[in-house]
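Data first, discussion second: the structure below is written as structure tokens.
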Amino acid sequence: MNGGVRVNEFCETCIKNLYVAGEALRGLHGANRLGGNSIPATQVFGARAGLFAAKIASEMKAFPEVNWEQVDEERDRVYGILNRTQTTRSVRAWELKAQLQRLMWNDVGIVRNGLGLKKAIETIELMKKQFNENLAVSSSNVIYNWDWIEALEVYNMLNLAWVIAKAALIREESRGSHFREDYPQTDNKRWWKNIIAWKREDEILFRKEQVVVISDVIPQGV
Amino acid sequence: MLMSIENACVKIYRYDPKNGVSKYETYWVPYIKNLKILDVLLYIQRSMDGTISFRYDCRGHQRCGTCGVLMNGKPVLACKKSIEKYMIIEPLPIFRVIKDLVVDRDSLFKPLTRIPLFVQRFSVPKMEPEAIDLTGLEDHMKLIECVNCGLCFSTCPAVRAHVEPIGVPVSMGWLATLTTDPRDEGERCVAALQEGLYNCVMCRHCQEVCPHEIDIPMLAIAKLRAIAVEKGILTQSLRIFLNNISKHGNPWGFARSKRDPWMGRIKRYQTSDEYLLYMGCLCSYEERGKSMAEALVELLEMAGISFGILGNEEDCCGNEAYMVGETGLFQELAYRNTEKFKQFGVKKIVTLSPHAYNIMKNEYSRFGDFEVLHYTNLLSEIIQEKRINLSEQKIKVTYHDPCFLGRYNGIYDKPREVLKSIPGIELIEMNRNRENSLCCGGGSGNFVTDTLGGREKSPNRTRVKEAYETGADILVVACPICKIMLDDGIKDEELEGELIVKDIAELVKQSVRVGRL
């Protein structure tokens, strides 16, 4: 939809053999999100992703090599949350979730501005720090432990919220469902572009990419 | 939440899979009207006890169907049902409990994997895109609202009775959805038969608990059965059942002439009589039914009601044929019966069986204009008018709601009024009562065909256990089928002597004071 995972024409991501379809896919409808948009996302790209993934899988001779170091790292992160017992300063995952939801609605919501976005990014960074230092779970049970489930969710939500807020701050114009109070005009000269967030080691970087025009209907603007 | 002064007591079932210990834990939460159970569960999870587990997803749209729990014995969606001052919240029955309120929904989906759940089509549409005419698709549109929450599954007596899960309400719902789809050309009746099409007892409990109020018995099962019977896809016992009704006018195949020898002294109906007492097959042939009919006849005579019976002229009411899907036979029976009623000049009919009451009240109107009463209605009138005097009875009773009286026709209070009018009687309600009452398992011909069997978890035995737990001496019923089924249940449970099944008429007759005051 408005934002999402970048794929090639076979629905493959920049990670080899990882396919994406549905609403996790970006850019099918440009900057807008209308009712019924998910029909092509599921019916066209869902079918394509399944088709090509099945093709690759059936042609594979051997199981691809697994980076076990990465797997261990991820396992440690996921199970490590269970060891965090509650203290007086600890925070529960649902509290962070509720705080993040309020923040995203107020500052990264329908009407955005530079000041609010900067404030939101700072707050999210603070919350990430809080997550790493003070988050705790009520029990170390692995079966249907809501605290654990929500902690894992909040970790992803915080990362994603940071990317969304940062990209919204970079885009100094209004387009589709992205509206900036301080830049209310659609600026085709400067912003006929996509913003792409990518990760290098532990750092998330942004770059701009010119949009390839496949339709002659160009949004009105300066 | 902090503003309120009142508190609600919530007892929650806890199960720890690590050590296999199950217990109930009590929480006191602020009581706010119209708050949903899910809100309370979230409140407890967040601010009281973080270890509690339950399932939820869409939070209040009733779309995801994952938050089903048992509240005070009734299956509900936690996001839909408002809280009460005192609640016991348990996981859904039938399913295996994973932790606390979380259940393993595999047994719900397993039956669904056995049927091809997609539109099967062999012909090519005339044009693309294909236009679909939506008129006449109301049933399909209603059925497709199903969200697979499994509440119907957890409460279904047919599912309960089986060891290997059959998905009666859910699979039948989906099969009917596909059958009513104008594009579908697949053969659905054979799959339906294998999935227990004729196991359903039409108790309508599934519709009662359904969050979208889908009438599975009428929209899905009756529809599929009608198609299946037309094609001749039915079980052997059911074939005999229907044959007997059509040939002999009763499901056992007894001779027509054997219907009334024992009724010798009862007056035959004449046009001057006010009521026609419609006996029905069970009360004519079955010993336990006969005693019920005799008691009622005596009561009516005592009260000086002018009534008569048809005797040998009587035919099967056709309710079971209708429920089984043999609509052709039903129409023939209804026509035969109504013609006879017209011939005798009948205006008011009193039925003994709620099954006959249901079909005559709701379906016979197409054939003629009659007033139909269930005998509990007449009894409550008689007692109110003080036509009979009741003596004191020091007994504890519990009342079992017949499905065709309660859920089909909404009569819950009349039988209870009759019971309460007996002085000294103590009416103890079972945990599941009224709308949530468990069926005895005798509906849609099962009292003869016995497809559900008499296993430990069969509905009649479960119901008898529930009645026994109340500590009542007498389990009161208002239906001959319930009477037979529950009586059999008592024998299977070896509770003879501890609990007796009695019909309301028998109980009232027993307490009548002889001689007028």
Side-chain angles (χ1 to χ4, degrees), chain A residues 22-24 35-36 38-40 42-44 46-47 50-51 78-105 127 130-131 134-157, chain B residues 1-2 12-23 25 27 37-61 63-64 66-69 78-79 89-92 95-106 118-119 128-130:
Chain A
E23 299 210 359
S38 58
I39 294 286
T42 55
Q43 302 301 306
V44 179
L51 191 73
V78 169
Y79 282 92
I81 294 171
L82 285 175
N83 301 332
R84 308 226 201 142
T85 42
Q86 273 173 317
T87 58
T88 44
R89 288 185 61 210
S90 67
V91 59
R92 299 257 303 273
W94 71 268
E95 291 171 285
L96 282 179
K97 206 180 199 176
Q99 195 190 340
L100 183 64
Q101 280 166 344
R102 262 199 309 278
L103 178 77
M104 291 300 279
W105 176 252
M127 283 165 74
Q130 211 179 358
F131 179 92
N134 295 336
L135 184 105
V137 290
S138 314
S139 80
S140 57
N141 199 330
V142 288
I143 302 165
Y144 255 90
N145 185 344
W146 267 120
D147 274 9
W148 193 30
I149 297 169
E150 284 194 315
L152 293 172
E153 280 174 1
V154 156
Y155 177 82
N156 293 337
M157 282 164 84
Chain B
M1 274 199 163
L2 294 167
I12 296 180
Y13 178 88
R14 303 296 305 269
Y15 172 74
D16 189 350
K18 265 188 188 161
N19 50 21
V21 174
S22 61
K23 59 181 181 201
E25 233 164 83
Y27 303 92
I37 297 172
L38 185 59
D39 300 322
V40 167
L41 290 176
L42 281 168
Y43 177 78
I44 292 170
Q45 200 270 331
R46 289 178 174 181
S47 52
M48 298 171 91
D49 186 350
T51 59
I52 191 167
S53 302
F54 47 94
R55 235 194 261 258
Y56 74 95
D57 194 33
C58 73
R59 293 185 73 171
H61 301 279
R63 283 279 148 227
C64 74
T66 54
C67 64
V69 290
C79 68
I89 300 191
E90 292 161 306
L92 288 179
F95 297 105
R96 184 179 69 85
V97 179
I98 295 175
K99 184 174 185 286
D100 299 347
L101 302 173
V102 181
V103 291
D104 183 0
R105 284 153 61 85
D106 253 16
F118 46 85
V119 173
E128 298 257 17
E130 193 182 6

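Quick note on labels: first sequence line is chain A, next is B, and so on, each numbered from 1. Just so it is clear, the structure is predicted and the values come from calculations on it, not from any experiment.
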Quick one: what part of A:Gln86 sits under 4.5 Å from any heavy atom of chain B, side chain, backbone, both or neither?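 Interface part for A:Gln86: neither.
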
key: Residue B:Asp16 versus chain A: region with a heavy atom under 4.5 Å   =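 Contact with chain A: side chain only.
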
Worksheet item: In terms of heavy-atom proximity below 4.5 Å to chain A, should B:Leu42 be classed as side chain, backbone, both, or neither?
Response: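 No part of it gets close to chain A.
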
Where A:Leu96 and A:Met127 come nearest, the two heavy atoms and their spacing: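 Result for this residue pair: O-CE, 3.4 Å.
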
Next on the checklist: In terms of relative ring orientation, are A:Trp146 and A:Tyr144 parallel, tilted or perpendicular, with 30° and 60° separating the classes?
Outcome noted: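 Rings of A:Trp146 and A:Tyr144: perpendicular, as their planes differ by over 60°.
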
Q. Does the side chain of A:Ile81 reach to within under 4.5 Å of the side chain of A:Val137, using non-hydrogen atoms?
A.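 They are in side-chain contact.
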
**Q.** Side chain to side chain, A:Gln130 and A:Glu95, heavy atoms closer than 4.5 Å
**A.**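 Not touching, per the 4.5 Å side-chain cut-off.
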
